[in-house]
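First the structure, in the form of structure tokens, and then the observations on it.
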Amino acid sequence: MSRPVKQNFIRPSHIEGFPVGPQFTAGHLADTNAGWRTFRPVVNHDTCIYCLRCYLVCPDGTIFKDNGKIAVDYDYCKGCGVCAHECPKNAIEMVKEQL
Amino acid sequence: MSSANTLTRITPKNITDQEFFYGHKACAGCGGSLAVRLALKVLGERTYAAFPAGCMAAVGFIYPQMAFTNNAIITTFPGVASMASGIAVGAKALGIQNFKTVAFAGDGGTADIGLQALSGMIDRGDDVLYICYDNEAYMNTGIQKSGLTPFGTQTTTTPAGKNIHGSKTQKKNLFEIIAAHDIPYAATASIGYPQDYIDKVQKAAQVKGPAFIHVYASCPTGWGTPTETSVEIAKEAVDCGLFFLAEYENGDYRLTRNPKQFASVADYLKKQGRFKHLSDADIASIEAHRDHKWERMRRMWNHQ
Amino acid sequence: MSKKREFISGDEAVAIGVKLSRPHVIAAYPITPQTITVERLSEMVERGELNAEYMHVESEHSAISAAMGASAVGARTFTASSSQGLLYMTEGLHYASGGRFPVVMMNANRSVALPWSIYGDQRDSLSLLDSGWIQVYVEDAQEALDMMIQAFRIAEHPDVLTPMMVNLDGFILTHTYEIVEIPEQSQVDAFLPPFQTPNKMCFNNPKNMGFSSQPNDNTEFKYQQNLAVLNAVKVLEQADTDFATMFGRKYNGMVDEYQSADAEVLLVTLGSVTGTVRDVVDEMRAEGHKVGVIKIRYMRPFPEEQLQSLTAKAKAIGVLEKDISFGYEGTVYTNVNSALAKVGNTVPKLNFVGGLGGRDISKADIRNMFLKLQRVAAGEAYKTVDFFNLNVETNE
Ligand SMILES: Cc1ncc(C[n+]2csc(CCOP(=O)(O)OP(=O)(O)O)c2C)c(N)n1
Ligand code: SF4
Ligand code: SF4
Ligand code: SF4
Ligand SMILES: [Mg+2]
């Protein structure tokens, strides 16, 4: 797995279920960031030239290579718009999220 | 001879698909998180990463949300270099092989409170790559002035008013302070030039001993810039000459980017809320300071 | 097989105890009167007798920070400090206990500036009782050596995983030469297994450590930390027993006592002064005075029950300590008084404060304390805090 995914975390109900001191499994995600977004990046695969600029500059690492195509992990994309702004082909559109 | 010459250059095409800093709670468009993300992708999974108090620590480790998929630890605010040293030395003493230790600290954690420990780490020659992500203020505590806050910046402790126009001091010369230790490798970089940054991280990772990278990393929240321009603004800082890209290696300084002509300083400043108040005279003095610095760098350092 | 003995100082005894414990990493910064320890350790590393990494850190803050870093990957770690240096570590002391890093430290008890003084008292470590460390105070060089070995075993125990500070009085112990028996390495190895913990950064099972927790979880981590120090009681008692079996020396766990069983008045002590008190007890017993002494060894965890039962028959109790919490009383006294109050012990309890900044506590001083306790037991009025060896007259 190249990216961690949200885990089904249940808060321990007994003290012995707690980690011994502040140390825990690396990459354990209990929560998504999707709710932060007001705009979502949508890739137009017809105009995208797969230059990977968006993949390079995404601060959250939520753009990934999906069999030769650009894909977005909408569980963790925050909608910052860096990818769209940096795309040399304007192949990413920031679309308002429907609430 | 140098193994760096035989290395395959890491690019977006061949860089690992693995993400090591993921699901964190940094603000949308955070430049510091991009600096951390890219460096960890270059360094790979056999990496111990240490973070002092500061934004990256605050957004990456909120139990039970653990945003690092590699080994990572929060250190005390002044103690990232010493704890990273301890990790590197401890792992060596245990016979662990083929690993890298990296410290990521903010401008405050590096140029101010962490400087002493960093100096000790370099002096001892500990095998640690230290990366300072510079967002030019103490962001985690709410945008206060640090030693790397540039002249004229409005922060919450250097308010801009009639009497004082923001920060009264210039940025400390961090790069040369570090280089003056005769460190094997030091560099400056910017997330606005991500491939250059990746190249420098890759090179620094080959050093057996201390290495240092000062990477300019925008902060939309603290700078008052739109989130989508985080990479662009960090590039413009370099293009207008307020930040420079350089390397220090084998005792020699080298400008790795030497713009023929600088882009407009005023344009760069005026895009940011933190500089909105600056007068033409303030901007002129910022330019004069830039020119003085570049005159000296071009005279003393290698460049094309 | 004849036993190996050496004529060495307390600091040197610590260094030998540390060497025998086979630490992976030593990170320390020099400060009088701890320096001999770090010098000896450096020499042992140089000679190849000690296969450890000696880190020349640039401060005590970095010493504890580096030790924690090494501990976080599973290394056995040692540091040493004193006074100003210990206080400069303070942030790291809390960090180490909260992070559950079982670092072991030697602290040479020394006065805290201002005024400057390199000489002994216990205000440095006693001001840090709340930092979450196990604290033991030793009485002589032999105990210093032996407790270094025990400290690693106690601190690293899975039920404890808490850092431990071994305190010895500056100069009085650190710089005084005594005949000390040196344990066999093979026996130490049998007593002290290698450090093993699942709670470390490793590449098979990567961890995120030192994280932050929200108000909803934070108290649980603190509850756990409290439990860990309480767990240390059993672990340290077992270590004491096993140590006695292996090496023939027993220190009686949390507290030691001398002639306390039928004593009418008792002094409670901490550290090296106990030796002098014992001598005075012998002298006064010979004269027919029913006096005795209780030596606190561990300030954390605190020997509450032991103190409650050992003092049950006394008619007056004095706590002799090299500490004062300005505006109140000595911290040892506060702790002892609190323990005794819980069982309704209402006999007079006095706090003899002295030995600050290296001032000698003489046999005459101690005899006076016992005599005063006797008078108070007989009904004489008293004030709790008694700065017993002031060199001037006061308005009191
Ligand atoms: C000893 C200590 N002093 C102060 C603080 C409060 N503090 C935490 S983070 C921080 C600012 C961090 O600034 P910087 O290093 O630039 O990192 P950034 O937050 O900008 O990423 C401060 C002042 C602390 N945690 N520890
Ligand atoms: S930056 Fe634009 S063109 Fe390049 S890969 Fe991304 S979407 Fe395609
Ligand atoms: S909007 Fe921001 S977070 Fe989302 S994919 Fe684009 S760059 Fe990444
Ligand atoms: S305040 Fe700035 S540096 Fe901190 S997380 Fe937000 S954008 Fe990043
Ligand atoms: Mg900062």
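Here is how names work: the chains are called A, B, and so on, in the same order as the sequence lines, proteins then strands, and each is numbered from 1. Only a predicted model underlies this, so the values are computations on that prediction, with no experimental measurement involved.
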Counterpart residues, side-chain hydrogen bond (donor to acceptor under 3.5 Å, both in side chains), relative to Asn70(B) (two or more places apart):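 Per chain and number, Asn70(B) pairs via side-chain hydrogen bond (donor to acceptor under 3.5 Å, both in side chains) with no residue.
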
Pairs of heavy atoms under 4.5 Å with chain C: top-ranked of Phe77(B), Phe68(B), Phe99(B): Phe68(B)

Derivation and outcome, side chain to side chain contact (heavy atoms under 4.5 Å, CB included), residues Lys145(B) and Thr169(B): CA-CA 10 Å; Lys145(B) 182 211 175 301; Thr169(B) 56; 3.0 Å; yes

Intermediate values then yes/no, side chain to side chain contact (heavy atoms under 4.5 Å, CB included), Trp133(C) and Met299(C): CA-CA 10 Å; Trp133(C) 284 56; Met299(C) 280 301 292; over 6 Å; no

Are [X] and [Y] packed together at the side-chain level, in the sense that at least one heavy-atom pair is separated by less than 4.5 angstrom?
{"X": "Ile182(C)", "Y": "Leu145(C)", "answer": "yes"}
{"X": "Tyr248(B)", "Y": "Thr188(B)", "answer": "no"}
{"X": "Leu7(B)", "Y": "Gln206(B)", "answer": "yes"}

Would you name the heavy atoms of [X] and [Y] that are closest together and state the gap between them?
{"X": "Met56(B)", "Y": "Cys30(B)", "answer": "CE-SG, 3.6 Å"}
{"X": "Arg110(C)", "Y": "Asp124(C)", "answer": "N-OD2, 3.0 Å"}
{"X": "Thr162(C)", "Y": "Gly132(C)", "answer": "CG2-O, 3.3 Å"}

Contact part of [X] toward chain C, heavy-atom cut-off under 4.5 Å: side chain, backbone, both or neither?
{"X": "Thr101(B)", "answer": "neither"}
{"X": "Ala88(B)", "answer": "neither"}
{"X": "Glu45(B)", "answer": "backbone"}
{"X": "Asp126(B)", "answer": "side chain"}
{"X": "Thr69(B)", "answer": "backbone"}
{"X": "Arg124(B)", "answer": "side chain"}

Cation-pi, Phe195(C) ring and Arg76(C) (6.0 angstrom, 45 degrees): no

Residues of [range] within contact distance of chain B, non-hydrogen under 4.5 Å:
{"range": "residues 13-31 of chain C", "result": "His24(C), Val25(C)"}
{"range": "residues 81-95 of chain C", "result": "Tyr88(C), Glu91(C), Tyr95(C)"}
{"range": "residues 50-57 of chain C", "result": "Glu53(C), Met55(C), His56(C), Val57(C)"}

Plane angle bin for Phe152(C) and Phe78(C) - parallel if under 30°, tilted between 30 and 60°, otherwise perpendicular: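 Tilted, since the angle between the ring planes falls between 30° and 60°.
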
When Ser213(C), Ala63(C), Gly74(C) are compared by non-hydrogen pairs under 4.5 Å with chain B, the top option: Gly74(C)

Pairs of heavy atoms under 4.5 Å with chain B: top-ranked of Gly99(C), Ala70(C), Ser71(C):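 Option with the greatest count: Ala70(C).
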
Working for side chain to side chain contact (heavy atoms under 4.5 Å, CB included), residues Ile122(B) and Phe212(B): CA-CA 9 Å; Ile122(B) 301 168; Phe212(B) 176 83; 5.5 Å; no

Within 6.0 Å of CG in Asn14(B), more than 12 heavy atoms from elsewhere: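 Yes, the 6.0 Å shell around CG holds more than 12 heavy atoms from other groups.
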
NZ/Lys92(B): more than 12 non-hydrogen atoms of other groups inside 6.0 Å: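 Not more than 12 within 6.0 Å, no.
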
Asp112(B) with Lys172(B): basic N within carboxylate O range, under 4.0 Å: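 So Asp112(B) pairs with Lys172(B) through a salt bridge.
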
Verdict with supporting geometry, Asp127(B) and Lys100(B), side chain to side chain contact (heavy atoms under 4.5 Å, CB included): CA-CA 8 Å; Asp127(B) 186 15; Lys100(B) 193 71 206 174; 2.9 Å; yes

Proximity breakdown for Phe101(C) and chain B, heavy-atom pairs closer than 4.5 Å: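 The answer is the side chain of Phe101(C).
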
From OG1 (Thr110(B)) to NE2 (His214(B)), nearest 0.5 Å: 8.0 Å

Passing candidate, ring pair (Phe, Tyr, Trp, His ring centres under 6.0 Å) with Phe104(B), options Tyr133(B), Phe21(B), Phe51(B): Phe51(B)

